[in-house]
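Inspection log for the structure reproduced underneath, given as structure tokens.
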Amino acid sequence: KEYPVETVNIVALSFGGMLAIDWMNRYPDMIQSAVLMNISSRNLSPFYQRLDYKIYPVLFSLLLKKQPQREAVIIRLISNLYPSRTQLTELWNQYAREQPVRQWTLLAQLWAAANYSLPDKKPKQPILLLNSLSDRLVHPDCSKAISEAWGVPLHRHPTAGHDITLDVPLWVLEQLKAWVRL
């Protein structure tokens, strides 16, 4: 029995954006469009921009920290504007207790992201790129390089951190609404 293919629109952040591009290429009839935030590619940006070299010691220190401290460090790395980091840290620690992530998984994700190369050909679906000029994890020029290589629009926020949806969710929604109206 065949099942109808329902199309989806993807909104993805960072490594999720890399996975979204792969999905768009593998299953082009399933994906209608994508909004990709703070992404990078090995073939367009140097390694020290894809993961800012200044935070390498902080990332390696995560391997030595216990869970409550680890989440607090991660939140400081990815968020510039979230109003209550303490409450968010408590919530994320609760999630981590309920669904623990092995340190090996973190390393595997970092490795996969570090080795991701953008396909030469842009997927056929419409793409919007969003990024933050104040991202401390991935240099903003990485998204700019993708925008220029593929000729897709890039909208930039001046002060949000890497997790742009966490820091400025209303700005992200405004960008989505404006893009849908085009």
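Everything quoted here is computed from the prediction, not taken from an experiment. Heavy-atom basis, side chains included; hydrogens, waters and symmetry copies ignored.
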Heavy-atom pair of closest approach, residues [X] and [Y]:
{"X": "S143", "Y": "L129", "answer": "O-CD1, 3.5 Å"}
{"X": "N38", "Y": "S132", "answer": "OD1-N, 3.1 Å"}
{"X": "S14", "Y": "I39", "answer": "O-CG2, 3.3 Å"}
{"X": "S33", "Y": "W179", "answer": "CB-CH2, 3.7 Å"}
{"X": "V138", "Y": "S40", "answer": "CG1-CB, 4.0 Å"}
{"X": "R50", "Y": "S45", "answer": "CD-O, 3.4 Å"}

Trace of the side chain to side chain donor-acceptor pair (under 3.5 Å) decision for Q94 with E98: CA-CA 6 Å; Q94 178 184 336; E98 294 169 3; 3.1 Å; yes

Looking at residues at least two apart in the chain, or sitting in another chain, which of them share a side-chain hydrogen bond (donor to acceptor under 3.5 Å, both in side chains) with [X]?
{"X": "Q49", "answer": "none"}
{"X": "S134", "answer": "none"}
{"X": "R42", "answer": "N115"}
{"X": "Q125", "answer": "none"}

Within 6.0 angstrom of Y56 OH, more than 12 heavy atoms from elsewhere: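 Buried by this count: over 12 neighbours within 6.0 Å.
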
Residue pairs involving residues 130-148 (criterion salt bridge (Lys or Arg N to Asp or Glu O under 4.0 Å); sequence neighbours excluded):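 Qualifying pairs: none.
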
Pairs where residues 14-25 contributes a residue and the test salt bridge (Lys or Arg N to Asp or Glu O under 4.0 Å) is met, not counting sequence neighbours: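 Of all non-adjacent pairs touching residues 14-25, those that pass salt bridge (Lys or Arg N to Asp or Glu O under 4.0 Å) are D22-R26.
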
Contacts of W92 that satisfy ring-ring contact (aromatic ring centres under 6.0 Å, His included) - sequence neighbours left out: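 If we apply the ring-ring contact (aromatic ring centres under 6.0 Å, His included) test to W92, skipping adjacent residues, there are no hits.
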
Partner residues of H162 under the ring-ring contact (aromatic ring centres under 6.0 Å, His included) criterion, sequence neighbours left out: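 Listed in chain order: nothing, the list is empty.
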
Inter-residue atom distance I10.CD1 - Q32.CD, 0.5 Å rounding: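 One gets 11.0 Å once the value is rounded to the nearest 0.5 Å.
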
Contacts of D120 that satisfy side-chain contact (heavy atoms from CB on, under 4.5 Å) - sequence neighbours left out: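 Once residues adjacent in sequence are excluded, the partners of D120 under the side-chain contact (heavy atoms from CB on, under 4.5 Å) criterion are N43.
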
Cut-off 3.5 Å, no hydrogens considered: what does the side-chain donor-acceptor table look like for residues 164-175, sequence neighbours left out?
from	atom 1	to	atom 2	distance (Å)
T165	OG1	D163	OD1	2.6
D167	OD1	S79	OG	2.5
D167	OD1	L81	N	3.3
D167	OD1	Y82	N	3.2
D167	OD2	N80	N	2.7
D167	OD2	L81	N	3.2
D167	OD2	G161	N	2.7
Q175	OE1	H155	ND1	2.7

Evaluation steps, side-chain contact (heavy atoms from CB on, under 4.5 Å), between V73 and R70: CA-CA 5 Å; V73 170; R70 193 178 312 147; 5.9 Å; no

Test salt bridge (Lys or Arg N to Asp or Glu O under 4.0 Å) applied to K54 - qualifying residues, sequence neighbours left out: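 Checked K54 against salt bridge (Lys or Arg N to Asp or Glu O under 4.0 Å); matches are D52.
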
M18-Y27 co-clustered via ILVMFWY side chain contacts under 4.5 Å: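 Yes, M18 connects to Y27 through the hydrophobic network.
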
Within one Ile-Leu-Val-Met-Phe-Trp-Tyr cluster: L77 and L91, side-chain cutoff 4.5 Å: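 Linked, L77 and L91 end up in one cluster.
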
In a table with atom names and distances, give each donor-acceptor pair under 3.5 Å that connects a side chain of residues 107-114 to protein atoms at least two apart or in another chain.
none

Donor-acceptor contact present, side-chain T7 to main-chain M30, <3.5 Å: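 Not at all, since once roles are kept as given, no pair shorter than 3.5 Å links the two residues.
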
Intermediate values then yes/no, side-chain contact (heavy atoms from CB on, under 4.5 Å), K124 and D29: CA-CA 10 Å; K124 68 176 188 174; D29 295 334; 3.5 Å; yes

